[in-house]
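Okay, so here's the structure we're looking at.
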Amino acid sequence: MNIPTRSAIFLSLLFHRTVLSLQPPAPRAIVVGAGPVGIAASLVLASRHGYDVTLLESSPETSIQTKYDPTKAFLYNVNARGQTLTKMFPNLHDKLVKRSVESKGFADATITVVPADPNLPIPKSSKLEKSFEMRNNENNEAGNAMPKSEKAVGVGYWIPRHEMVGLMVECIDEHNEKGEGGKISFYTGKECTSVSPRDVGGVFVEVYQADLVVGADGMNSKVRECLSHPRSAVGGWSLDCPKPNYFKLKKWRSPASFLRIKVLQLPPQFEIPDAEGNPPLITNSENIYAIRSIYKGPRNYLSLGLLPMKNNTAVRATNIVTRPDHEVWKLKDGNAIQTWFEKAFPRMNFNGMISNEEWDRFARAEGTRFPHCQYSRGMAVWDENGDSGVALVGDAIHAFPPDIGQGVNAGLMDVVCLDRALSGLDTVTGKEAKSAKENDKPSLGKNLARYQKQHSPEIASLIRLARFGAPYQYRQPHRADRILRTLWTLNVAMRLILNKITFNLVPPTCIILSQRPELTFRQVMRKADLTTLFLKVVVFVF
């Protein structure tokens with residue numbers, strides 16, 4: 001049915017049937033991708049901008065993301081940046097606080113490091129900062145040089161991914177029950193296939209229509225891919241929009257890129273045998289553990305890390321993160337992988353702890369790989385009249401290895417910045433934008449243009465932080481890795497010492513600066529660049 005009202009966007013999906021309907025009076029939005037960032041975008045659009053939102057997830061209902069899945073058994077640390085979004089919804093933030101483990105920053109956390117030798121006693125838990133110092137053998141200078149203001153910045157919350165998604169889905173139900181703002185409709189098993197403008201009123205997706213489409217569909221975003229098509233094939237976008245090549249990913253390889261990861265599931269409250277004469281250590285879900293193996297070689301080194309979570313009766317997942325040539329990836333049989341682990345960790349009683357079924361599952365699992373540090377310079381498009389458009393958020397814009405701990409937080413901040421742009425505010429400061437003062441009612445197109453212009457430099461800086469922030473925290477064991485990790489650690493220590501002896505005149509390293517939520521990523525990297533310039537001047541002069 002051709003409805004000659006205004007130009008719009010056509011988003012085609014794989015549905016079982018096609019039904020066309022007239023444009024409803026209320027503005028409508030479609031959010032593609034129902035992870036935490038997509039759900040956050042849905043809540044913002046419905047509650048703060050009055051959109052009726054259709055939230056579409058490609059995964060079938062049988063693999064619903066609110067349930068535990070060993071292939072996605074990773075944890076989020078929602079820091080102060082991410083909490084900018086959660087605090088916009090008091091019920092969401094309250095759920096987060098109650099169902100998570102509080103963390104006060106890197107230096108405030110405690111860790112139990114379990115030595116590989118079963119004859120050695122398990123030491124008491126120590127500050128993670130101290131463990132970092134000892135591990136890198138820098139005579140504690142890095143930690144001593146760390147300013148007090150950097151040792152515990154804000155409060156973060158550790159929570160498993162499926163629980164984060166679950167509490168956010170609950171907020172969708174609570175929002176709909178209140179009947180305030182727009183309604184959110186959630187559908188699974190819907191895969192996006194194309195996005196293109198059409199000469200019909202509004203934006204429609206076969207059975208759905210919308211004025212705004214938000215792509216939150218991950219690092220392999222189909223929405224972003226469609227925006228990268230040549231305009232001769234798409235057509236209809238404003239000439240002021242980013243060109244198609246802006247939606248082609250820019251990629252850099254970091255030392256953590258392409259590390260392989262998969263999950264081994266341990267039982268809740270499992271025991272770690274201590275030295276003879278000492279009782280076994282009964283693990284607690286809210287504590288951090290690092291269990292060392294006897295292997296130290298470039299292709300067999302392994303350490304089991306366990307991060308905190310609230311539920312002490314839930315399965316405890318440990319991530320196996322290694323180079324692709326590690327021995328564990330060559331073992332495809334449950335018995336073989338169990339034998340390897342029993343030799344690598346002689347302290348652990350794996351035989352009575354992990355079932356044969358779990359060893360078989362783990363051996364067959366291919367896991368996944370950490371991505372490049374990558375981002376899309378294009379973040380939004382809009383039609384010639386400025387009445388409809390598309391915006392990207394989360395991993396659809398940026399993706400990187402998880403070593404800087406900003407993945408979900410950066411995605412939630414994307415949604416905050418989009419909310420500010422749609423409200424006519426500056427995306428960085430949250431204050432009224434100059435363009436909004438000149439025009440009392442800016443169009444959707446102008447708001448998306450502001451999102452594109454102001455947020456793009458922030459994402460470019462985020463990717464620089466991901467490349468240089470903490471790429472060696474996985475202790476990659478290749479000989480070249482060890483040399484480069486030593487150089488990286490010396491660089492961190494040097495910057496921290498300079499920061500201390502100059503009384504904060506010289507900024508510390510960028511990974512520490514990133515823990516200060518009042519700084520944007522652009523400000524973080526500018527300060528880090530200032531230190532780099534200082535070091536270059538010193539080298540040149542002396």
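Since the model is a prediction, treat every value here as computed from it, not as a measurement. Numbering of residues begins at 1 and proceeds along the displayed sequence.
- To the nearest 0.5 angstrom, I184 atom CD1 is 5.0 Å from I172 atom CD1.
- For Q515 (side chain) and I512 (main-chain N/O), no donor-acceptor pair under 3.5 Å exists by modelled atom type.
- To the nearest 0.5 Å, atom CD1 of residue I30 and atom CG of residue D52 are 11.5 Å apart.
- Side chain of T54 to main chain of S185: no donor-acceptor pair is present (N/O by atom type, distance under 3.5 Å, no hydrogens or angles).
- R495 and N491 share a side-chain donor-acceptor pair at under 3.5 Å.
- Within the structure, salt bridge (Lys or Arg N to Asp or Glu O under 4.0 Å) contacts touching residues 456-474 (residues at least two apart or in different chains) are R464-D529.
- Pairing each heavy atom of E286 with each of P308, the nearest pair is O-CB, 3.4 Å.
- No donor-acceptor pair under 3.5 Å is formed between the side chain of D217 and the backbone N or O of A396.
- In this structure, the side chains of P160 and Y68 stay at 4.5 Å or more apart for every pair of heavy atoms.
- Salt bridge status for E180 with K178: absent, with no side-chain N to carboxylate O gap under 4.0 Å.
- For R99, the salt bridge (charged side-chain N to carboxylate O under 4.0 Å, His left out) partners are E170, not counting sequence neighbours.
- Side-chain contact between L45 and V31 is present, with heavy atoms from C-beta onward closer than 4.5 Å.
- Scanning for ring pair (Phe, Tyr, Trp, His ring centres under 6.0 Å) contacts around F258 gives H372, with sequence neighbours left out.
- In plain terms, the two heavy atoms of L444 and D211 that are nearest each other are CD2-O, 3.7 Å.
- Scanning for side-chain hydrogen bond (donor to acceptor under 3.5 Å, both in side chains) contacts around Y157 gives an empty result, with sequence neighbours left out.
- Around atom CG of L533, more than 12 heavy atoms belonging to other residues, nucleotides or ligands sit under 6.0 Å away.
- With values rounded to the nearest 0.5 angstrom, S228 atom OG is found 15.0 Å from Y246 atom OH.
- You'll find the side chain of L519 reaches within 4.5 Å of the side chain of K527, heavy atoms only.
- Under a 4.0 Å N-O distance rule, the pair E174/K95 qualifies as a salt bridge.
- Without hydrogens or angle criteria, N319 side chain to V321 main chain gives no donor-acceptor distance under 3.5 Å.
- With sequence neighbours left out, the ring pair (Phe, Tyr, Trp, His ring centres under 6.0 Å) criterion links Y51 to no other residue.
- Listed by first and then second residue, the salt bridge (Lys or Arg N to Asp or Glu O under 4.0 Å) pairs involving residues 398-408 amount to none (not counting sequence neighbours).
- Side-chain contact between F247 and P242: present, with at least one pair of heavy atoms (C-beta onward) separated by less than 4.5 Å.
- When all heavy atoms of P508 and L496 are compared, the pair lying nearest together is CB-CD2, 3.7 Å.
- Considering only heavy atoms from C-beta on, V416 comes within 4.5 Å of M88 through its side chain.
- The salt bridge (charged side-chain N to carboxylate O under 4.0 Å, His left out) check on R420 picks up nothing, with sequence neighbours excluded.
- Closest heavy-atom contact between C510 and A528: CB-CB, 3.8 Å.
- Here the closest non-hydrogen pair linking Q406 and S514 is NE2-O, 3.7 Å.
- Not one N or O on the side chain of N77 forms a donor-acceptor pair closer than 3.5 Å with the backbone of W158.
- For Q452, the side-chain hydrogen bond (donor to acceptor under 3.5 Å, both in side chains) criterion is met by no residue, not counting sequence neighbours.
- Expressed to the nearest 0.5 Å, how far OG1 of T427 lies from CG of L418 amounts to 10.0 Å.
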Walk me through it: do L212 and L448 pass the test side chain to side chain contact (heavy atoms under 4.5 Å, CB included)? CA-CA 10 Å; L212 174 64; L448 292 178; 4.2 Å; yes
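- Not one N or O on the side chain of E102 forms a donor-acceptor pair closer than 3.5 Å with the backbone of G156.
- E57 is not listed as a side-chain neighbour of K190, based on a closest heavy-atom distance of 4.5 Å or more.
- Looking at heavy atoms from C-beta onward, H162 lies out of side-chain contact with D69 at the 4.5 angstrom threshold.
- A distance of 6.0 Å separates CZ of R224 from OG of S376, quoted to the nearest 0.5 Å.
- One distance of note links CZ of F186 with CG of L55; it measures 5.0 Å at 0.5 Å rounding.
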Applying side chain to side chain contact (heavy atoms under 4.5 Å, CB included) to L92 and M168, what does each step give before you reach the verdict? CA-CA 7 Å; L92 170 57; M168 297 182 81; 3.8 Å; yes
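- The two residues V506 and T502 have their closest heavy-atom pair at N-OG1, 3.0 Å.
- Here the side chains of V428 and T520 are in contact, with some heavy-atom distance below 4.5 Å.
- A distance-only check finds no donor-acceptor pair linking the side chain of D387 to the backbone of D383 [under 3.5 Å].
- Listed by first and then second residue, the ring-ring contact (aromatic ring centres under 6.0 Å, His included) pairs involving residues 447-467 are Y451-H455 (not counting sequence neighbours).
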Would you please test M164 and L96 for side chain to side chain contact (heavy atoms under 4.5 Å, CB included) and show each step? CA-CA 7 Å; M164 182 70 177; L96 173 64; 4.1 Å; yes
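- A donor-acceptor contact closer than 3.5 angstrom is absent between the side chains of H175 and N91.
- Judged by distance alone, the side chain of D419 and the main-chain N or O of V44 form no donor-acceptor pair under 3.5 Å.
- No more than 12 heavy atoms of other residues, nucleotides or ligands shown are found within 6.0 angstrom of NZ on K248.
- Partners of E225 under the salt bridge (charged side-chain N to carboxylate O under 4.0 Å, His left out) rule, at least two apart in sequence or in another chain, are K222.
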Would you please test T84 and L412 for side chain to side chain contact (heavy atoms under 4.5 Å, CB included) and show each step? CA-CA 8 Å; T84 306; L412 295 177; over 6 Å; no
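- Here A466 pairs with C373, F400, I404 under the side chain to side chain contact (heavy atoms under 4.5 Å, CB included) rule; sequence neighbours left out.
- Not a single salt bridge (charged side-chain N to carboxylate O under 4.0 Å, His left out) links R526 to another residue, sequence neighbours left out.
- Listed for the T531 side chain is a donor-acceptor partner under 3.5 Å among the backbone atoms of P507.
- With hydrogens and angles disregarded, a donor-acceptor distance shorter than 3.5 Å links the side chain of Q83 to the backbone of V78.
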